[in-house]
Amino acid sequence: KNTTVQQLSFDYILKGMNKVRHSLLILGAVFCVAGASYLVVLESACLPVQPPKSNTQVLGRLPSAINEASGLIASVQNPGLLWMHNDSGDSARLFGIQSNGDLVVELSFPTIRAVDWEDIALDRATDHIYIGDIGDNFSIRKTKQVYRFKEPKITPKTPRQLAVTAVDTLTFKYPDGRRDAEALFVHNGDLIVISKRDSVPRVYQLPLNFSNNSNDTRVATALGTVAYHVHTGTDRIVAGDAQGDRIVLRSASRVLVWPNREALLNDPPDSFDYAIEPQGESLALDSQGVYTVSECCNSKNPPIYYTRWP
């Protein structure tokens with residue numbers, strides 16, 4: 001009974017914080033439209049839009065259901081399909097969209113919660129998708145969750161709405177205090193999390209394989225720090241992905257590339273030339289290039305950009 005009361009209280013507090021956050025985002029948009037040279041609201045920023053580069057395509061626009069894009073991956077099992085979810089405040093659901101923005105399927109997850117989903121990751125070797133409920137803007141969450149499920153094969157006969165109930169849950173905490181994070185990806189057999197609010201982002205490792213048979217809280221393994229310094233709110237790492245050895249992270253205004261994990265921990269990144277968006281948020285890789293999407297508070301149906309590797 002006490003646990004139920006505590007959970008309800010936590011949900012109430014979180015919903016209130018999300019309302020404050022969204023109100024501040026709207027306020028930030030108003031100031032930007034009014035012509036302020038710059039304004040950072042929490043982790044968000046109104047940045048000048050730079051036009052697409054010569055190797056960048058605008059593939060389409062997000063459907064209206066994705067009104068605050070956060071996590072993004074490019075499917076391997078379903079070529080041409082992107083999986084996305086909204087930021088905190090939405091229900092536990094994923095959207096499968098074509099790269100042109102057409103909505104194909106909506107996955108609902110009736111057995112799990114969406115406290116603050118921030119990123120998703122794909123294990124290309126097993127077709128497992130990992131959902132990172134790892135956001136913690138106010139450092140109030142003692143533990144975080146990662147959810148794992150098998151990516152469904154989408155065919156013309158797949159219903160527009162599909163419930164997924166076979167989900168494994170990993171509950172974990174950090175070895176060095178509470179962290180806010182928005183970047184989650186699979187790299188060479190490990191699940192990697194990158195912290196957001198540290199001046200030098202921290203790197204943590206989690207296992208790829210887990211099940212609901214264990215109720216224990218796992219402790220993430222600290223691997224070190226990213227060879228990258230955060231100077232302003234727009235430098236904070238808000239997404240990540242990996243393809244082979246290569247690791248790519250993004251902030252609101254930059255896409256950063258490292259050739260492997262050792263370089264991530266020791267060497268400065270290479271910058272990747274792409275179309276800069278207002279409040280850039282989402283990133284996904286495939287073998288040919290990088291998908292990027294904005295979650296901008298005053299942009300309806302933001303574009304889906306695809307930039308090929310040079």
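Treat the numbers as computed from the prediction; the structure is a model and nothing was measured.
Here the shortest heavy-atom pairing between Glu281 and Ala69 reads CG-O, 3.2 Å. Residues Ala222 and Pro175 share a closest heavy-atom pair of CB-CG, 4.1 Å. Closest non-hydrogen pair, Arg93 versus Phe109, comes out as CA-CD1, 4.1 Å. Across Ala284 and Ala74, no two heavy atoms sit closer than the pair CB-N, 3.9 Å. Glu262 and Asn266 get closest at one heavy-atom pair: O-ND2, 2.8 Å. Contact between Pro110 and Ala163 at its shortest, heavy atoms only, is CD-CB, 4.4 Å.
The closest side-chain heavy-atom distance from Ser75 to Gln77 is below 4.5 Å. The closest side-chain heavy-atom distance from His229 to Val200 is below 4.5 Å. Using a 4.5 Å heavy-atom cutoff, the side chains of Pro152 and Phe149 are in contact. Residues Leu107 and Trp83 meet the side-chain proximity criterion, which asks for heavy atoms closer than 4.5 Å. In this structure, the side chains of Pro310 and Asp273 stay at 4.5 Å or more apart for every pair of heavy atoms. The closest side-chain heavy-atom distance from Thr111 to Thr169 is not below 4.5 Å. Looking at Asn78 and Val104, their side chains never come closer than 4.5 Å, going by heavy atoms from C-beta outward. In this structure, Val255 and Leu283 have side chains that are in contact, with non-hydrogen atoms separated by less than 4.5 Å.
With rounding to the nearest 0.5 Å, the separation of CH2 in Trp309 from CZ in Arg246 is 4.0 Å. Atom OG of residue Ser91 and atom CG of residue Asn86 lie 8.5 Å apart, to the nearest 0.5 angstrom. Once rounded to the nearest 0.5 Å, the distance linking CG of Leu184 with OH of Tyr130 reads 9.5 Å. Atom OG of Ser294 and atom CD of Gln279 lie 6.0 Å apart (nearest 0.5 Å). Here the straight-line distance linking atom CG of Leu265 with atom OG1 of Thr225 works out to 7.0 Å at 0.5 Å rounding. Here CG of Asn188 is found 7.5 Å from CD1 of Ile247. Values are rounded to the nearest 0.5 Å.
When hydrophobic clusters are built by joining Ile, Leu, Val, Met, Phe, Trp and Tyr residues whose side-chain heavy atoms come closer than 4.5 Å, directly or via intermediates, Leu82 is grouped together with Leu103. Taken together through direct or relayed side-chain contacts under 4.5 Å among Ile, Leu, Val, Met, Phe, Trp and Tyr, Val248 and Ile276 form part of one hydrophobic cluster. Ile237 and Leu223 fall within a single hydrophobic cluster, where Ile, Leu, Val, Met, Phe, Trp and Tyr side chains are chained together by heavy-atom contacts under 4.5 Å. No path of Ile, Leu, Val, Met, Phe, Trp and Tyr side chains, each step under 4.5 Å between heavy atoms, connects Leu285 with Ile304, placing them in separate hydrophobic clusters. Under a hydrophobic-cluster definition in which Ile, Leu, Val, Met, Phe, Trp and Tyr are linked whenever side-chain heavy atoms come within less than 4.5 Å, directly or via other members, Ile131 and Leu206 are assigned to different clusters.
Residues Asp127 and Lys153 are not paired through a salt bridge, judged by the lack of any N-O separation under 4.0 Å between the basic side chain and the carboxylate. With respect to the salt-bridge test (charged N to carboxylate O, under 4.0 angstrom), the residues Arg141 and Asp133 qualify. A salt bridge links Asp136 and Lys144; the closest N-O separation between the charged side-chain nitrogens and carboxylate oxygens is under 4.0 Å. Of the charged side-chain nitrogens involved, none lies within less than 4.0 Å of a carboxylate oxygen, so that Arg148 and Asp123 do not count as a salt-bridged pair.
Remark: of the listed residues Val164, Ile73, Ile129, Ile129 is the sole one forming a side chain to side chain contact (heavy atoms under 4.5 Å, CB included) with Glu151. Each of Leu208, Thr126, Leu122 was compared with Val186 under the side chain to side chain contact (heavy atoms under 4.5 Å, CB included) criterion, and only Leu208 meets it.
A donor-acceptor pair is defined here as one N or O able to donate and one able to accept, closer than 3.5 Å; such a pair exists between the side chain of Ser70 and the backbone of Glu118. Asp190 contributes no side-chain N or O that, together with a main-chain N or O of Ile192, makes up a donor-acceptor pair within less than 3.5 Å. No donor-acceptor pair closer than 3.5 Å links the side chain of Tyr147 to the backbone N or O of Val167. Under a 3.5 Å cut-off, the side chain of Asp216 and the backbone N or O of Arg218 do not form any donor-acceptor pair. Side-chain atoms of Thr234 never come within 3.5 Å of backbone atoms of Ala252 as a donor-acceptor pair (strictly under, hydrogens ignored). No donor-acceptor pair closer than 3.5 Å links the side chain of Arg61 to the backbone N or O of Val58. A donor-acceptor pair under 3.5 Å is formed between the side chain of Arg250 and the backbone N or O of Ser282. No side-chain donor-acceptor contact under 3.5 Å links Asn67 to the backbone of Ser64. Judged purely by atom type and a 3.5 angstrom limit, Asp180 has no side-chain atom pairing as donor or acceptor with the backbone of Lys196.
Heavy-atom neighbours of Lys142 NZ from other residues, nucleotides or ligands within 6.0 Å: at or below the threshold of 12.
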Side chain to side chain contact (heavy atoms under 4.5 Å, CB included) between Tyr228 and Val230, worked out: CA-CA 7 Å; Tyr228 168 78; Val230 172; 4.0 Å; yes
Test log, rule side chain to side chain contact (heavy atoms under 4.5 Å, CB included), inputs Val193 and Arg179: CA-CA 10 Å; Val193 181; Arg179 303 283 167 196; over 6 Å; no
Leu264 and Leu249: CA distance, side-chain angles, deciding distance, side chain to side chain contact (heavy atoms under 4.5 Å, CB included) verdict: CA-CA 10 Å; Leu264 175 75; Leu249 305 179; 4.0 Å; yes
Arg308 vs Gln57, side chain to side chain contact (heavy atoms under 4.5 Å, CB included): CA-CA, chis, key distance, verdict: CA-CA 9 Å; Arg308 292 188 178 276; Gln57 299 171 267; 4.3 Å; yes
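Judged as a ring pair (Phe, Tyr, Trp, His ring centres under 6.0 Å), not a single pair has a partner in residues 231-259 (not counting sequence neighbours).
A distance below 6.0 Å separates the ring centres of Tyr174 and Tyr204.
The closest side-chain donor-acceptor pair between Gln243 and Arg124 falls under 3.5 angstrom.
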Which pairs of donor and acceptor atoms, one on a side chain in residues 94-101, lie under 3.5 Å apart (sequence neighbours left out)?
unit_1, atom_1, unit_2, atom_2, d
Asn100, OD1, Asp102, N, 3.0
Asn100, ND2, Asp102, OD2, 3.2

